[in-house]
Structure formats: C-alpha cells, structure tokens
Protein chains: 2
Amino acid sequence: MSGKPGLRDVARVAKVSLSTASRALAQPGLVSPEVRARIEQVCVELRYIPNRTAKRLSVDRSDTIGVIVPSIANPLFAPAIDGVRTVLDARNFGMLINSAELDPLRELKQVRTFLEHGVDAILTLMPVHDEQLFELLEYSKIPAVFINSARSETTHPFVEHDNFGAMRAMAQKVIDAGHREIAIISGPRSSTPIIFERTTAALETLAGSGVQPSLDWMIECDYDPVPARAAVRALLTSGRVPTALVCTGDQHAAAAVIEAQALGLRVPEDISVTGCNDVPLALLCEPQLTTVRLPYRELGETACRLALEMLEGNTPQRRTLLPYEVIERGSLGRPRTA
Amino acid sequence: MSGKPGLRDVARVAKVSLSTASRALAQPGLVSPEVRARIEQVCVELRYIPNRTAKRLSVDRSDTIGVIVPSIANPLFAPAIDGVRTVLDARNFGMLINSAELDPLRELKQVRTFLEHGVDAILTLMPVHDEQLFELLEYSKIPAVFINSARSETTHPFVEHDNFGAMRAMAQKVIDAGHREIAIISGPRSSTPIIFERTTAALETLAGSGVQPSLDWMIECDYDPVPARAAVRALLTSGRVPTALVCTGDQHAAAAVIEAQALGLRVPEDISVTGCNDVPLALLCEPQLTTVRLPYRELGETACRLALEMLEGNTPQRRTLLPYEVIERGSLGRPRTA
DNA sequence: CTGAAAGCGCTAACAA
DNA sequence: TTGTTAGCGCTTTCAG
C-alpha cells in the first residue's frame, strides 16, 4: 500500500477477492449491487487508477489504434485525424499517431513500432507504401485500413475520395462555362498518386471537349505560397494568357487569384480560377473560390469505423468512395471572348 | 509456438535461457558476442516483435508520452505537435494524442486516460485548466509540462511564447510608422488568456504613445474567414476609417487585407495591416503581411525536451520564454497623412 | 557471462 | 454470486 493502489488494494479494503473487484468494474452485472457499490466506493476513496497495461497483457487488446499520416503539419490531414479522434473518443479508445514524412520506409518502421506497442488496428494516410508493409501487416494479422491509397493487390479495406470524379466535375464546369484556353496547375505529380489522378481527370475531361493544354500550360509546383505564386506569375507573364486556371488544390487556386490580381487581371472577368478540397482559405479569397469539396473529416471517421468493425470480427466492405460536391462561388465565370 | 513468437521462443531456438535472450536485446554488452549474434539472428528468423506492453508492466515505463491539444484542427498547433513528434521520434518514443476541444473537463478526463495508459509524461497545450487537474497531476506524480498556459501556483515547467513582447513590438512598429488612428482586431478575448495578453500588450503600447482606440475600433471576432471578413467590413464601412489595423493573428490580418482591398482601399497606402504568428498565409497575401513570428514548432520541441529531462530525473528550469521576431513585409506603411 | 525464479497488475477459467 | 489459481511476456535480482 506504499505506492499507487492497485486493484488488489481495492479488493482488500473492500473485503472482497481480487477477482470480484475486477468483475465489479468490468462486468458489473455479475456482482451483487451492494458489493459493487462498496467496491466503487473504495475505488474513489483510494483514487484507484486502473492499469491498462496490465489489462492489455492479459486480454491482448489495447483499446488503442495507431494512425500514420504523411505529415502532421499538412492542414489537410488535420480534419481527417480529428475525424478519427472523434469516433475513437466515443469508444474510449486511445490514438497513437505518427508522421512518416512521406517516406514509405519510415511508415514501415512506424508500423513495427505500433505493433510493439500493441495497437489493435492501424490506419494509414500515406499515399504510397513499401512492399514489405503488406507482408508485415499480413504476418501480424492486424486490422489495417488504408486512407487515400487504394491497393488492388491486398484485401485491406480502404476509403478514398473520388478524386477523379471531383476533378472531372470541376473541369467540366469550366468547359461548360465556355472556356477553351485552360491551364492546369497541380502539385508535384510524382509525389502522390492523388495529384496524378486529379490531373489526369482534368486532362481527360478537357480532351473530351477537344481541349489540349500545351505543355507550358501544365504547371507542377509546390504548395507553399511563394513557389506557388512564382509559378502562377511565370505562367501569366510569358506570352499567351489562358482564360481559366484549373488547380488541383485550393492553395494553388488562392495563389493564382492573388497573383492574377496583382498583375491587374480581374477574377473571374479576365481569368477564371478553380480549386479543389474546399479548405477555409477558399472563403478568404476575393472572389471566393469555386471549388470541389472533398470530405476530409469523413475520411478519418469512416476509416476508423471500418477498423473498429474489423475489431469486432466483421468484414467490412473493401472499398469506400466518399462523395464530392462542386461548390460554386465567385472565381469561375465565362471567358471574356465568349 | 503456435501464435506469435515471444522472447521465450527466441531463447529456445537460440538455445539460451529467457534471461539471456532478454539481456542480449536490452544490454548487449552483458552477453558474449557469439551468443548475442545467434540470438539476433534468431530474432529475425522468427520475425520476433518485442512486446512493449509486457516490458512496460515490468519496468513501469512506457516510452510514450501523452499530448493534449485544444483542437487538432487548428493549424497553429500542427507545427507544435510536429515538434513534439520530432524529438520523440529521435528517442523512439510513442505519442498518444488527444484533443480536449478547449474543455478543461475533457482535458481532465483525458489526463486520467493517459494515466491509465501509463504514459511517462504529459504535455498540454490547453490554455486553461480545471483545478482538479493539478491535484491529479500532483497525486500521480507524473511529469507534466504546460505549453502556453503559465501557472504561477504550480511547480510544473511551462514554455510559452512571449506574446506580450511580440505584440508590443508589433504595435510599436505601427506607432513608429506614424499611425495614430489604429484599430485592433482580436480573437474572442475571453476564449484564451493568450489573446487577452496580446490585446493588452497592443493597447498598452498604443497608450504609451497617447493613442486610445475607441471601443468600436476594438473588435473581437472569430477566426473563420467569413465572420472575420464581415467584422472587418463592418469596421471599415461605418464612419471613420483607421489608418492601421493591428491584428492579434494572421488570419484576421489576411481577412483585413482582402476586405480592405475589396472596398477599394490600398494596402498599405490607404490602410496598414499587421498580423501575428507568421503562418504561411502571411505570404499568400498581397502585399505580404508584416507580422511577428512566434515559433510554434519550437514550442512543442522545447516542451517535449523538458519532459524528457524530467524523466531522466533532472529538474529543468520552470519557465521557458520563446523569442519572437518582427517580420517586416509589405502590409505596414506610413499613414497617408503623415 | 549465463540461468532460475519471482514478480509487474490484471483477467479469466474453474471451483465452490 | 464470490474466491482460487494460473498465467499474459518481459525484466531483473540473485546464484552459479
């Protein structure tokens, strides 16, 4: 009774056996009301704090799930993580989180660490994975769900945005508005399949209307404001100016609006701009961004629910595609010549 | 040997005792090289994954720390969390994270959960706390460090930005530029002491130069783009227009720039705007924001280091004040009349 | 340098 | 309904 009180102490003080005390807390129904009340009473008197580590060791369940994100700092993932947290919270589960910094080998290592820590399931938002990861997951038989990185070769459930559909819809809007002189601004296409998917969707959609952006109208650049703005400026100051800028992310779109205006172009009268994701920034722009909303919070919530379902022994659907929604605001208009 | 291999299996295959196997991994120096090599060999053959839960139970150390944030979604905290992660990563520690949603009672509950999970230390970014929290922390004797919420009554180390100094410096710059007609835009002052501190610093600095903003030039509003813009618009369209807008956050400043421009005012020629924090958004504005940089990543890093130091038995300094840096960009100029 | 044995705090048969 | 007992997988004295 020197250190922290354990269940053993509770039992002694309440004059019951260790197992009765254990049951009183875990399966209250199996203990007589009076005894249970007494035990609960003693718990607060002694300020008993259950030791989950010990519990975990006997039941081989940690009530904790591990989440791997490509980067904690990316604001896009914040709502997704928060979605996970929300559903975990309701179940009193803990969340171990780690950032793989976009490095598949780091992800692999982190999964191993999660395994050591005994997480019950793993969620990953990494866009690409190392081959060994799948082997490890299969070997350890731990439930895992993949967010935004489909794997046709494996059986793990995955949930993703309809990136293709979203971008196609957005591009179609631009076409429908009458634009034909269209430039595309995307993030580094090689970095993640998602950006590649969005770019492809845009391109295919334009092609469907006979529009084929020239190479210098297909820009890849980083998301930081400075390089993004520089890229837009370069595009807008070197020769022919498109009537519309289709961006694969709101960051780029915002940079485009700002930079276009700085060059004296009016948005959308002189040039239209569209984004993707619908982050808060889209509302800060003037005009506000016409964009496609992609539900990031739901991404996390859904993935987490799938994982919990697996923990209960069910086999959830393998693929979950989250819907998009085109949000029409002010940054898309008709081209001047139309 | 049916389920996952344990250290016991490793030992058997390597033909050594359980304790030798344990030592080989934990204190390699105490085991003869040949034996150690054999054991390590077997570990990979068997794909042995150490069980930290078991280890934790015997050594009463989890190599995990718990972090509580007011909100995961707030992009300001992301770098701080990432800072924590970075230093934890280097030590192979895990991070349990939770959001208290700005509710001190939730924080209390989450600390309790962390305690159950056996975290070695706790970091909290919550701005305010419930009284019981301190009692619980003291009772459980767990190392805890407070981020951005100083508590003179307790002995826990805390690290914070020099919010007062930062805002005073920024306000002084505005005064020095010649402004006297100054409005202040802040977040809900009651929500967190930090905002209150910044506002107070600004106010006191202005007062030092005999400037006393009228009540309708002291605006409190939410951080979301829409309410922020609305608030700025109201300010700018109702009577006298200030020559400078001092904002306690870049979000507000960005909204101010946008909205001022939408009303036909030039920044900084007609109206100057200053921010605080120096988030990426500051670079997206045109002109870019003159602001004060507050190191969020370091906030997390430092706090985490302090916690680790405590874990090693040291007693780190109680207060750590992080430096600010005024960043002069384009949104602050001289007033037109000056 | 290596092995045997005693737990860490809790759960879960199995008995009573 | 309650108690007894045997672990969960690992670390760690204490001997050898």
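Per chain, numbering begins at 1; letters A, B, ... match sequence-line order.
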- request: Indicate the atoms forming the closest heavy-atom contact of B:L306 with B:P316, along with that distance.
  value: CD2-CB, 3.5 Å
- request: In whole angstrom, give the distance that lies between atom CG of B:L25 and atom C1' of C:dC1.
  value: 16 Å
message: Nearest whole Å is fine: how far is C:dA12 P from A:R56 CZ?
response: 15 Å
field: Protein-nucleotide distance (A:L30, atom CG; C:dA12, atom P), rounded to Å
entry: 11 Å
message: Checking the side chain of A:D103 only, and the main-chain atoms of A:A100 only, is there a donor and an acceptor separated by less than 3.5 Å?
response: no
message: Rounding to an integer number of Å, can you tell me how far B:R12 CZ sits from C:dG3 C1'?
response: 16 Å
- request: To the nearest 0.5 angstrom, please state how far the CG atom of A:L133 sits from the OG1 atom of A:T124.
  value: 7.0 Å
statement: For nucleotides 8-16 of chain D, 5' to 3', base contacts (B), sugar-phosphate-only contacts (S) and non-contacts (-) with protein non-hydrogen atoms under 4.0 Å give BBBBB----
message: By the ring pair (Phe, Tyr, Trp, His ring centres under 6.0 Å) test, which pairs, at least two apart or in different chains, include something from residues 110-139 of chain B?
response: B:H129-B:F134, B:H129-B:F146, B:F134-B:F146
message: I want to check something: taking the side chain as every heavy atom from C-beta on, are B:V87 and B:L308 in contact at a cut-off of under 4.5 Å?
response: yes
- request: Please check if any side-chain donor atom of B:T86 sits under 3.5 Å from a side-chain acceptor atom of B:R297, or the reverse.
  value: yes
